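Note sheet for the following structure.
What's counted below: heavy atoms across the whole structure, side chains too, no hydrogens, waters or symmetry copies. Please read all numbers here as calculations on a predicted model, not as lab measurements. So that the names make sense, note that chain A is the first sequence line, chain B the second, and so on, each numbered from 1.
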Amino acid sequence: MELNKNFDHIQAEEKWYAHAIEKNYFSSTPDDREPYTIVMPPPNVTGVLHMGHCLNNTIQDVLIRRARMEGKNACWVPGTDHASIATEAKVVQMLREKGIQKASLSRDEFLKYAWEWKEKYGGIILQQLKKLGCSLDWNRTTFTMDPDYYNSVIGVFIDLYNKGSIYRGKRMINWDPKAKTALSDEEVIRKETKQKLYHLKYYIVNEGKTTSDYITIATVRPETIMGDSAVCVHPDDERYKHLHGKQVVVPLINRSIPVITDEYVTMDFGSGALKVTPAHDINDYQLGQKHQLEIIDILNEDGTLNETAQIFVGEDRFVARKKIVQELETHGYLLKTEDYTSEVGYSERTDVVAEPRLSLQWWVDMKKIAAPALEVVLNEEINFYPPKFKNLYRHWMENIKDWCISRQLWWGHRIPAWYDDQGNYVVAANETEALAQYREQFGRNVESGQLKQDEDCLDTWFSSWLWPFEVFNGLNNPGNKDLAYYYPTNTLVTAPEIIFFWVARMIMAGIEFQNQIPFKEVYFTGIVRDKQGRKMSKSLGNSPDLLELIERYGADACRFGILIASPAGNDLLWDESSNEQGRNFNNKIWNALKLVKMWEQRTTHTGASTGNEHFAVNWFGNRLEEVKDEVATLMKQFRLSEALKTIYSLIWDDFCSWYLEWVKPGMDQPIEAVVYERTIDYFEELLQLLHPFMPFITEEAYHLLRNRQETDDLTIKIYKTVQKTDPAVLQLGTLLKEVISTLRDTKNKHQIKPKDAIQLAIETQHEQHYNQIESILKKQIHIETISYTKAAVPQSITVVIQKDKFYLIPKHEVDNSAQKAQLEKDLEYLKGFLSSVEKKLNNERFIQNAKPEVVEAEKRKKEDAETKIRTIEESLAALIV
RNA sequence: GGGAGCAUAGCUCAGUUGGUUCAGAGCAUCUGCCUUACAAGCAGAGGGUCCGCGGUUCGAACCCGUGUGCUCCCA
């Protein structure tokens with residue numbers, strides 16, 4: 001059969017993915033086999049595939065495919081997250097482009113648009129994952145706002161509320177003035193930001209009159225001075241002792257506020273005097289609570305100043321800042337301005353500066369549910385890879401704060417709280433239940449329509465924390481067959497960025513609602529960065545178009561590219577060139593396939609073998625088993641990148657560069673049938689080993705190697721168990737490689753062309769070893785005859801390998817000065833080596849303290865070195881003669 | 001300010017209870033080759049103060065201390 005010049009990845013990808021779907025290879029139902037389950041971290045429903053997904057999902061697919069080929073019942077569940085803030089922001093923007101304001105729509109009208117949007121764009125990302133080759137069980141695709149899932153989320157809210165773990169409270173929260181919603185602490189990104197520190201005069205009041213004395217206050221937020229409730233100094237600060245208990249005047253609005261003292265103040269920062277604005281700063285808020293200060297909120301929900309501010313009403317906070325600085329300067333309140341850099345919180349979703357804001361929100365009391373979730377990680381019921389994240393996790397869990405779960409959004413799970421017009425409320429799944437409960441609780445009769453449901457939605461993570469069991473309908477259909485079989489799941493693969501958002505909370509939810517951990521191990525991937533180490537992001541434009549890369553290089557090459565660059569647990573610097581390496585690897589496999597296929601018609605049962613092919617076959621069989629074992633160990637430790645490198649090298653170096661050359665018949669010569677068959681067997685096993693990493697080319701090549709039955713597919717082919725290896729055969733293989741490399745190099749150094757034939761004499765005590773590999777040596781180094789000798793051969797080039805001497809006899813006389821230099825260099829090295837060993841052995845304290853086996857090893861080294869030195873000296877002597 | 005991690009070849013990283021003269025791999029670079037599957041290839045080569053300093057030890061890339069630099073998390 002004639003094969004194409006190159007592997008056609010596009011047709012192979014389409015063909016084999018469709019075939020697997022048709023045969024239901026990726027779908028799983030409970031049976032007698034051991035399950036292996038992964039739930040995919042659900043991407044945003046409106047998202048598109050980026051390099052982070054590529055890494056994450058490739059890793060999961062490798063794990064799932066390998067488990068499947070190990071004979072486990074592998075189940076990988078896909079799905080999407082409704083991503084309340086992100087999706088709502090996109091819908092709002094889409095409406096704005098159509099000229100529709102969200103405020104002009106009713107909740108139902110808005111949600112209709114949102115669902116339309118979701119139907120249109122939702123799930124694109126899942127289609128893209130198919131292109132990458134992900135072997136997901138599509139029948140189980142779940143969305144966090146599916147009806148059942150929705151009900152479970154509401155049920156969980158009610159359950160926690162009834163247990164007293166959910167409460168409503170007025171707290172300082174992070175507010176996104178653009179999205180007009182509360183944010184959890186984790187949704188606020190701190191960034192170093194250049195600001196100005198303004199030094200302002202606050203005049204001191206004495207006996208009811210404003211004096212010309214003042215105290216200097218340093219602030220980066222002059223627009224909030226109208227919200228000041230006090231000025232605070234350190235009680236021990238000598239500079240301000242005379243002001244304790246006095247009043248000062250807020251500039252521009254002339255409101256008097258007290259001077260208070262608290263040790264919280266840092267004396268040497270700014271002027272050592274702090275303005276306290278409890279409504280607009282978290283620390284000030286706490287200070288205000290302690291000193292019972294008035295809370296003066298001067299901002300609207302969109303970040304503009306409100307009536308309470310008195311001045312610049314309606315102006316945006318940053319515009320107001322500029323204007324107020326001008327005003328302060330005009331009136332002589334501004335003493336100086338300094339550059340100042342500090343960390344400012346930005347909304348993760350909208351990238352505007354988050355505003356600390358006091359508001360009434362729903363909270364989860366985390367202390368109680370966090371404790372067991374910490375325990376299971378500390379006692380290693382759940383293992384983290386790499387384990388360094390365990391510390392991070394513990395630190396966070398021990399200092400956990402309550403979770404703000406309400407969001408002022410419409411897209412999401414609506415909070416099941418129902419209010420009367422006095423603000424009394426009940427928590428219930430629907431209006432009917434709410435009415436009944438209200439009647440019972442408040443003893444008043446209410447009619448339908450009289451209770452108003454909370455307008456707000458729940459934080460997205462309040463639904464995704466149920467993911468590992470809700471994809472199996474764990475709460476809707478408790479104890480169902482799927483849940484019992486697949487839960488707890490095995491491995492969670494995710495980015496360390498969401499260890500607190502998601503991983504920690506899933507562990508809590510699993511224990512709280514299923515009494516079982518959600519997964520047994522968590523593998524944290526690195527963050528994908530570009531060659532300069534920058535995080536890939538849309539705004540930098542350094543995130544490549546993955547689909548285009550797949551089209552250009554092939555899915556296998558992209559999978560290879562991202563995995564080979566991905567050391568366990570570290571960030572990876574990704575560059576397109578790694579895809580080239582993957583594509584080149586495809587090419588190598590394809591060419592090896594072409595070579596082997598060329599032999600198919602040339603097999604014979606008689607007389608083709610020189611005998612040495614059998615050694616090659618035996619050696620590669622052992623080598624294969626050895627590497628299979630190594631790979632298994634690496635995979636258990638989640639060292640996927642190293643496992644792939646190991647397989648890469650086995651195929652490229654051991655199989656292609658060595659083995660195939662060793663068994664390759666001469667031009668138009670036949671190949672012994674048994675050698676051919678074994679070669680095909682090895683090729684199959686190599687493809688199988690590589691399949692989880694590069695599923696398409698391996699499946700294609702597998703089918704081209706032999707004619708297959710209908711369902712004889714690599715995707716579902718179970719691995720054979722690893723066989724024991726024969727160390728003697730492996731050692732001889734290593735010696736053979738070394739001899740070939742060294743003699744090739746020697747020819748090269750003596751200007752003997754690779755094709756120029758030579759004669760070789762070997763001085764060895766193990767002639768029988770060399771008998772097994774003679775013909776391979778001849779072929780690989782272009783040797784005419786090999787003989788054995790007991791003494792140095794004159795007019796030859798001498799090389800020492802291990803303990804054996806090789807005499808190369810070239811056709812033409814050669815200058816042996818290069819050789820002499822080489823031997824002298826080797827001799828010098830060995831003498832140095834010997835003296836270092838002797839130094840150790842002559843050191844009494846070494847003999848006393850070192851372990852006996854170490855001392856033994858040193859003695860052996862000494863003997864070896866002495867033997868080699870003697871051999872080289874003899875060679876040198878022969879050379880001079 | 002508190003906590004964590006990292007520092008090995010030009011780049012990305014291995015280096016498994018301290019024991020070969022141990023300093024390694026891949027990529028990149030350079031040299032020679034269109035050798036009967038593969039130039040997306042083959043055969044070779046060069047390249048390092050294992051961040052600095054001090055200590056423990058017979059022996060340190062590895063353990064301890066310290067300095068410097070970088071990254072991340074939390075306030």
Side-chain angles (χ1 to χ4, degrees), chain A residues 3 5-7 185-186 190 266 269 282-283 343 345 386 388-396 399 401 496-497 499-500 527 529 531 533 553 557 564-575 577-599 633 637 639 641-642 644-646 648-649 652-653 656-657 660-661 664-669 740-741 744-749 751 753-755 780 782 828-837 839-851 853-858 860-862 864-865:
Chain A
L3 291 177
K5 184 169 189 316
N6 289 315
F7 170 57
D185 289 347
E186 290 74 25
R190 283 162 210 286
T266 314
F269 180 82
I282 180 73
N283 295 310
E343 290 201 328
K388 67 179 175 186
F389 289 108
K390 205 169 140 179
N391 268 337
L392 189 68
Y393 180 82
R394 187 180 62 201
H395 193 257
W396 191 75
N399 297 288
K401 301 199 186 83
E497 305 161 291
I499 184 169
F500 306 128
I527 295 166
R529 298 173 183 279
K531 198 91 188 175
Y553 293 99
I564 206 77
S566 171
N570 285 349
D571 287 357
L572 63 128
L573 303 187
W574 185 87
D575 184 73
S577 65
S578 66
N579 279 13
E580 277 176 40
Q581 202 188 338
R583 183 200 55 189
N584 295 354
F585 188 33
N586 270 341
N587 194 43
K588 189 73 186 177
I589 294 168
W590 191 254
N591 276 301
L593 179 69
K594 283 197 319 201
L595 175 66
V596 171
K597 290 303 283 183
M598 282 168 58
W599 301 341
T633 308
Q637 301 166 334
R639 299 167 77 154
S641 182
E642 283 174 67
L644 178 57
K645 272 178 201 159
T646 305
Y648 173 82
S649 166
W652 198 304
D653 301 328
C656 294
S657 296
L660 289 180
E661 295 297 335
K664 191 189 218 171
M667 189 70 150
D668 296 324
Q669 296 294 305
I740 292 170
S741 290
R744 273 180 182 163
D745 187 34
T746 307
K747 284 176 78 172
N748 188 29
K749 285 210 170 98
Q751 277 91 45
K753 292 211 172 91
K755 277 177 127 180
Q780 294 267 280
H782 279 94
E828 194 188 342
Y829 170 89
L830 280 166
K831 281 185 170 166
F833 175 70
L834 180 63
S835 86
S836 89
V837 175
K839 211 167 124 195
K840 260 191 214 174
L841 287 168
N842 292 336
N843 185 335
E844 267 178 49
R845 287 202 283 181
F846 171 73
I847 304 291
Q848 281 165 10
N849 296 326
K851 280 182 245 161
E853 57 265 34
V854 173
V855 178
E856 265 319 297
E858 290 298 318
R860 261 200 314 278
K861 275 189 252 171
K862 182 175 179 244
D864 283 2

Integer angstrom distance from the [atom1] of [N] to that of [M]:
N	M	atom1	value
B:rA60	B:rA23	C1'	13 Å
B:rU31	B:rG46	P	15 Å
B:rU21	B:rA61	C1'	15 Å
B:rA4	B:rC42	C1'	48 Å
B:rG26	B:rG44	P	12 Å
B:rC64	B:rC72	C1'	25 Å
B:rC6	B:rG48	P	26 Å
B:rG67	B:rC27	C1'	34 Å

Quickly work out the [X] [atom1] to [N] [atom2] distance and round it to whole Å.
X	N	atom1	atom2	answer
A:Y393	B:rC74	OH	P	16 Å
A:Y648	B:rG26	OH	C1'	8 Å
A:I499	B:rC72	CD1	C1'	12 Å
A:L644	B:rG26	CG	C1'	11 Å
A:K401	B:rC73	NZ	C1'	12 Å
A:E642	B:rG26	CD	C1'	11 Å

Any base atoms under 4.0 Å from A:S649, or only sugar-phosphate, or nothing? Heavy atoms, all strands. nothing
Contacts of A:Y648 that satisfy ring-ring contact (aromatic ring centres under 6.0 Å, His included) - sequence neighbours left out: A:F560, A:F585, A:W652
Residues in ring-ring contact (aromatic ring centres under 6.0 Å, His included) with A:W599, at least two apart? none
Who are the side-chain contact (heavy atoms from CB on, under 4.5 Å) partners of A:K594, not counting sequence neighbours? A:L3, A:K5, A:W590, A:N591
A:E661: partners by side-chain contact (heavy atoms from CB on, under 4.5 Å), with sequence neighbours left out: A:K664, A:Q780
If the sugar-phosphate is the primed atoms plus P, OP1 and OP2 and the base is the rest, what is the B/S/- string for nucleotides 35-42 of chain B, using protein heavy atoms under 4.0 Å? SBBB-BSS
Partner set under salt bridge (Lys or Arg N to Asp or Glu O under 4.0 Å) for A:D745, not counting sequence neighbours: A:K749
Sequence neighbours excluded, the answer for salt bridge (Lys or Arg N to Asp or Glu O under 4.0 Å) partners of A:K747 is none
With A:D653 via side-chain hydrogen bond (donor to acceptor under 3.5 Å, both in side chains) - residues at least two apart: A:S649
With A:K390 via side-chain hydrogen bond (donor to acceptor under 3.5 Å, both in side chains) - residues at least two apart: A:E380
For RNA chain B, which ranges pair as stems of 3 or more consecutive Watson-Crick or G-U pairs, with both donor-acceptor distances under 3.5 Å? B:1-7 with B:68-74, B:10-13 with B:24-27, B:29-33 with B:41-45, B:51-55 with B:63-67
Inter-residue atom distance A:K588.NZ - A:N584.CG, 0.5 Å rounding: 10.5 Å
Please list each protein N or O that sits under 3.5 Å from an N or O in nucleotides 55-59 of chain B, with the distance.
| from | atom 1 | to | atom 2 | distance (Å) |
| --- | --- | --- | --- | --- |
| B:rC58 | OP1 | A:N849 | ND2 | 3.3 |
| B:rC58 | O2' | A:N843 | ND2 | 2.9 |

Distance test, side-chain N/O of A:R394 to OP1/OP2 of B:rC74, below 4.0 Å: no
Any idea which heavy atoms bring A:S578 and A:I564 closest together, and the distance? CB-CG2, 4.3 Å
